[in-house]
Amino acid sequence: QVQLTESGGGLVQPGGSLTLSCVASENIFRLFYMHWYRQAPGKERELVALIRSSGDIYLADSVKGRFTLSRDNAKNTVYLQMNRLKFEDTAVYYCNAQNSEASVWGQGTQVTVSS
């Protein structure tokens with residue numbers, strides 16, 4: 001089964017930047033849509049960004065203009081570049097790969113925005 005490994009979370013000040021990485025164990029981008037979700041304490045899981053097999057990208061309104069999703073096919077890696085971070089961006093961020101046959105999740109990485 002496909003496995004996803006995330007990294008890049010940490011503590012950052014408001015207005016700062018972080019880049020999250022999600023490495024897949026095999027080349028899957030032709031068969032799966034790749035997602036970034038986040039879940040803050042006491043809140044439901046929220047879709048942040050999505051990239052289709054075609055390369056089309058969706059960003060949630062709450063992060064549009066600040067976050068960018070990208071993909072490196074040769075490295076089997078997707079990235080979430082987060083800029084101008086706000087307190088409300090604090091959450092556990094999860095990478096997800098999904099198609100009609102499977103839904104695979106990374107372990108999650110904590111992003112904390114604090115002064």
Side-chain angles (χ1 to χ4, degrees):
Q1 189 176 7
V2 174
Q3 294 179 327
L4 304 176
T5 303
E6 295 166 285
S7 62
L11 176 65
V12 65
Q13 292 184 323
S17 298
L18 282 175
T19 299
L20 307 183
S21 300
C22 174
V23 181
S25 59
E26 58 191 87
N27 192 322
I28 62 171
F29 299 147
R30 295 293 188 185
L31 300 174
F32 289 81
Y33 288 4
M34 303 300 298
H35 310 77
W36 285 100
Y37 289 87
R38 67 185 182 187
Q39 188 165 21
K43 298 183 66 177
E44 294 184 347
R45 186 180 62 194
E46 174 189 22
L47 176 64
V48 176
L50 159 69
I51 184 166
R52 297 183 173 92
S53 301
S54 64
D56 290 342
I57 293 171
Y58 163 84
L59 293 169
D61 288 343
S62 59
V63 305
K64 194 175 299 181
R66 299 187 298 118
F67 291 12
T68 301
L69 188 154
S70 62
R71 182 177 70 193
D72 187 331
N73 293 339
K75 296 180 179 179
N76 296 329
T77 303
V78 293
Y79 304 92
L80 186 66
Q81 174 66 49
M82 305 183 294
N83 301 311
R84 301 189 301 280
L85 284 158
K86 304 175 180 179
F87 293 119
E88 54 263 41
D89 295 319
T90 295
V92 178
Y93 284 72
Y94 297 92
C95 181
N96 167 259
Q98 185 165 357
N99 64 15
S100 61
E101 300 292 331
S103 181
V104 182
W105 293 87
Q107 78 283 359
T109 185
Q110 176 72 49
V111 173
T112 302
V113 183
S114 177
S115 60

Does [X] use its side chain to pair, donor to acceptor, with the backbone of [Y] at less than 3.5 Å?
X: Thr90; Y: Thr112; result: no
X: Gln39; Y: Lys43; result: yes
X: Arg84; Y: Gly65; result: yes

### Derivation and outcome, side chain to side chain contact (heavy atoms under 4.5 Å, CB included), residues Arg66 and Asp89
CA-CA 11 Å; Arg66 299 187 298 118; Asp89 295 319; 2.7 Å; yes
Consider only side-chain heavy atoms of I, L, V, M, F, W and Y, link residues closer than 4.5 Å, and tell whether [X] and [Y] are in one cluster.
X: Leu85; Y: Val92; answer: no
X: Met34; Y: Leu31; answer: yes
X: Leu20; Y: Leu50; answer: no

### Task
Tell me, please, which residues at least two apart from Arg45 pass salt bridge (Lys or Arg N to Asp or Glu O under 4.0 Å).
none
### Query
For Lys86, what residues pass the salt bridge (Lys or Arg N to Asp or Glu O under 4.0 Å) criterion, not counting sequence neighbours?
none
Nearest atoms (heavy-atom pairs only) where [X] meets [Y]:
X: Leu11; Y: Ser114; result: CD1-CB, 4.0 Å
X: Leu80; Y: Ala49; result: CD1-CB, 4.2 Å
X: Leu4; Y: Cys95; result: CD1-O, 3.8 Å
X: Trp105; Y: Ser103; result: NE1-OG, 3.5 Å
X: Ser17; Y: Asn83; result: OG-OD1, 3.0 Å
X: Ser115; Y: Pro14; result: N-CD, 3.8 Å

### Sequence-distant partners of Ser54, side-chain hydrogen bond (donor to acceptor under 3.5 Å, both in side chains), two or more places apart
Asp56
Side-chain contact test, heavy atoms from C-beta onward, threshold under 4.5 Å: evaluate it for [X] versus [Y] and give yes or no.
X: Thr68; Y: Tyr79; result: no
X: Glu26; Y: Val2; result: yes
X: Val63; Y: Glu46; result: no

At what distance, to the nearest 0.5 angstrom, does [atom1] of [X] lie from [atom2] of [Y]?
X: Thr19; Y: Met82; atom1: OG1; atom2: CE; value: 7.5 Å
X: Asn99; Y: Phe32; atom1: CG; atom2: CZ; value: 4.0 Å
X: Ile51; Y: His35; atom1: CD1; atom2: NE2; value: 11.0 Å
X: Tyr37; Y: Tyr94; atom1: OH; atom2: OH; value: 13.0 Å
X: Asn27; Y: Asn76; atom1: CG; atom2: CG; value: 5.0 Å
X: Asn96; Y: Glu6; atom1: CG; atom2: CD; value: 9.5 Å

### Task
Under the side chain to side chain contact (heavy atoms under 4.5 Å, CB included) rule, what do Tyr58 and Leu69 come out as? Steps first, then yes or no, please.
CA-CA 8 Å; Tyr58 163 84; Leu69 188 154; over 6 Å; no
### Task
Walk me through it: do Asp72 and Thr77 pass the test side-chain hydrogen bond (donor to acceptor under 3.5 Å, both in side chains)?
CA-CA 5 Å; Asp72 187 331; Thr77 303; over 6 Å; no
### Message
Using the side chain to side chain contact (heavy atoms under 4.5 Å, CB included) definition, which of the options Thr109, Val78, Thr5 pairs with Cys22?
### Response
Val78
### Message
Looking at Glu88, I want to see if its CD is surrounded by more than 12 non-hydrogen atoms of other residues, nucleotides or ligands under 6.0 Å.
### Response
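Check passes, neighbour count above 12.
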### Query
Quick check, are the ring centers of Phe67 and Trp36 under 6.0 angstrom apart?
no
